[in-house]
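The first residue in the sequence is number 1, and the count goes up from there.
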Amino acid sequence: MHTSTERALGPPRIPSARHVPTIALTALAPASWGTTYVVTTELLPPGHPLFAGMLRALPGGLLALAITRALPRGDWWWKATVLGALNIGALYPLLFIAAERLPGGVAATLGAGQPLMVAGLAVAMLHIRPTAWRLTWGVLGVVGVGLVVLGPQARLDAVGVLAGLSGTATMAAGIVLIKRWGLPAGVGPLALTGWQLTAGGLLLLPLTLGVEGAPPRIDADAVGGYLWLGSVGGLVASTLWFRGIGKLPVGASAPLVLLSPLVAAVIGVALGESLSAVQMCGFVLALAALLAAQLDSPKPTGRWGRDRPATARAAETESRAGDVREGETR
């Protein structure tokens, strides 16, 4: 028999039915980003991360502006610039630097830590405490990815590690800021994506011209790689991602980035690599963490009282915040 302060926990609750299609569409974004490493190392000319980031951002951003014909208004000029700098201008070249200087496994493991960074920033900026359920699975997700992609031959390059961690941090900050600011009235995710891609691309343009310049030779493979990263991996994926961030609770959207290293591992297998038993266990663990993070925390059975656990109160607050922001974006 449970007292008023001791309540049994029920099973984890499945997400609301209206969230399932959003989760599926949002997941396509990090799944497509899982191709970045193989495209960068196999198709693109080396030593030009700024050029690759600029081409991935600016053309798609200008196309989105042409389609939506919507420009920022009021304080959204500086907000779009900040988001563009974090999610595009800083993130893209940092990802390419990490991809060039680190084995894909090391870079992927650094990126897998993003849900934990998002959880920390959400406390400071959104006043949303991470639930014990999602925090635990966030840690297990990093462990799972590490088991899949880290091997005994993994080398650690200081510049590459710093770039990978910085890219993860900038994207985490961008996720939390989008949740904090939402979308201005009458503006959809494609317009928001266009603002960010354009702002980020314009920030990268002078740096690219002044520091790197264009690669001396761009062959057909490189053209295909740039087109893929700029279209599917850029405009399309970013639109789905920013749409999902606006609709899903922050604790549910951030763990979806675990799909990126998992897709990269599957591509490696398709190209002839094999997974050991330990790697397979890590793959299953990371996939389980991704799926478990979409579930709401278990809540005590029976009536709620003032003494309900803090983690449950945090889950309720986070869910309400996600629903409110979903309504604001419609």
Taking the six-membered ring where the residue is Trp, are the ring centres of Trp77 and Trp195 under 6.0 Å apart? no
State which residues pass salt bridge (Lys or Arg N to Asp or Glu O under 4.0 Å) with Arg69; sequence neighbours excluded, sorted by chain then number. none
Can you list the steps and then say if Val263 with Trp33 is a side-chain contact (heavy atoms from CB on, under 4.5 Å)? CA-CA 8 Å; Val263 168; Trp33 296 335; over 6 Å; no
Between Leu190 and Leu235, does a side-chain contact (heavy atoms from CB on, under 4.5 Å) hold up when you go through it step by step? CA-CA 8 Å; Leu190 180 59; Leu235 179 58; 4.0 Å; yes
Check His48 against Pro216 and note the closest heavy-atom contact, atom names and distance. CE1-CD, 4.1 Å
Surrounding CE of Met125 (heavy atoms of other residues, nucleotides or ligands, distance under 6.0 Å), is the total greater than 12? yes
Nearest heavy-atom pair of Ala163 and Ile97: which atoms, and what distance? CB-CG2, 3.7 Å
Is Leu25 reachable from Val20 through a run of hydrophobic residues whose side-chain heavy atoms are each under 4.5 Å from the next? no
Could you check whether Trp228 and Thr35, counting side-chain N and O atoms only, form a donor-acceptor pair closer than 3.5 Å? yes
Grouping I, L, V, M, F, W and Y whenever their side-chain heavy atoms are under 4.5 Å apart, do Val236 and Met171 come out in a common cluster? no
Which pair of heavy atoms, one from Gly34 and one from Ile267, lies closest together, and at what distance? O-CD1, 4.0 Å
Test item: Lys179 side-chain N/O and Ala122 main-chain N/O as donor-acceptor pair under 3.5 Å: no
I need the minimum non-hydrogen distance between Pro30 and Ser260, along with the two atoms involved. O-OG, 2.7 Å
Check against side-chain contact (heavy atoms from CB on, under 4.5 Å), Leu229 and Leu44: CA-CA 10 Å; Leu229 292 175; Leu44 303 187; 3.8 Å; yes
Are the side chain of Thr208 and the backbone N or O of Leu50 linked by a donor-acceptor pair below 3.5 Å? yes
Could you see if Val223 belongs to whatever hydrophobic cluster contains Met54? Use Ile, Leu, Val, Met, Phe, Trp, Tyr and a side-chain cutoff under 4.5 Å. yes
Separation between CG of Leu94 and CG of Leu162, rounded to the nearest 0.5 Å: 8.0 Å
With Trp76, the side-chain contact (heavy atoms from CB on, under 4.5 Å) member among Leu83, Thr81, Val187, Leu71: Leu83
I'd like to check the side-chain contact (heavy atoms from CB on, under 4.5 Å) partners of Leu209; sequence neighbours left out, ordered by chain and number. Leu205
Begin from the C-alpha positions of Ile245 and Phe242 and carry the test side-chain contact (heavy atoms from CB on, under 4.5 Å) through to its verdict. CA-CA 5 Å; Ile245 291 175; Phe242 296 137; 4.2 Å; yes
Are the side chains of Val211 and Phe51 in contact, using a 4.5 Å heavy-atom criterion? no
Same cluster or not: are Leu259 and Val284 linked, directly or through other Ile, Leu, Val, Met, Phe, Trp or Tyr residues, by side-chain heavy atoms under 4.5 angstrom apart? no
Does Ala237 offer a backbone N or O that forms a donor-acceptor pair with the side chain of Ser32 under 3.5 Å? no
If I compare all heavy atoms of Tyr92 with all of Gly233, which pair ends up nearest, and what's the gap? OH-O, 4.4 Å
Nearest 0.5 angstrom please: Leu197 CG to Leu65 CG, how far? 9.0 Å
Working to the nearest 0.5 angstrom, can you tell me the gap between Arg56 CZ and Leu91 CG? 7.5 Å
Same apolar cluster: Val159 and Leu165, side chain cutoff 4.5 Å: no
Rounded distance [0.5 Å steps], CD1 in Ile88 versus CG in Leu202: 12.0 Å
Evaluate the side-chain proximity of Asp219 to Arg217: yes if any heavy-atom separation is below 4.5 Å, no if none is. yes
With a 4.5 Å cut-off on side-chain heavy atoms, are Leu240 and Thr26 touching? no
Tell me if a side-chain donor or acceptor on Thr239 pairs with a main-chain N or O of Thr193 at a distance below 3.5 Å. no
Just wondering, do Ile178 and Asn87 contact through their side chains at under 4.5 Å, heavy atoms? yes
Taking every heavy atom of Gly53 against every heavy atom of Leu204, the minimum-distance pair comes out as C-CD1, 3.6 Å
Can you measure from CG (Leu43) to CD1 (Ile218) and round to the nearest 0.5 angstrom? 13.0 Å
Residues that Trp78 engages under ring pair (Phe, Tyr, Trp, His ring centres under 6.0 Å), provided they are two or more places apart: Trp181
May I ask you to test the Glu212-Pro49 pair for a side-chain heavy-atom distance under 4.5 Å? yes
About how many Å separate CG of Leu285 and CG of Leu258, when rounded to the nearest 0.5 Å? 9.5 Å
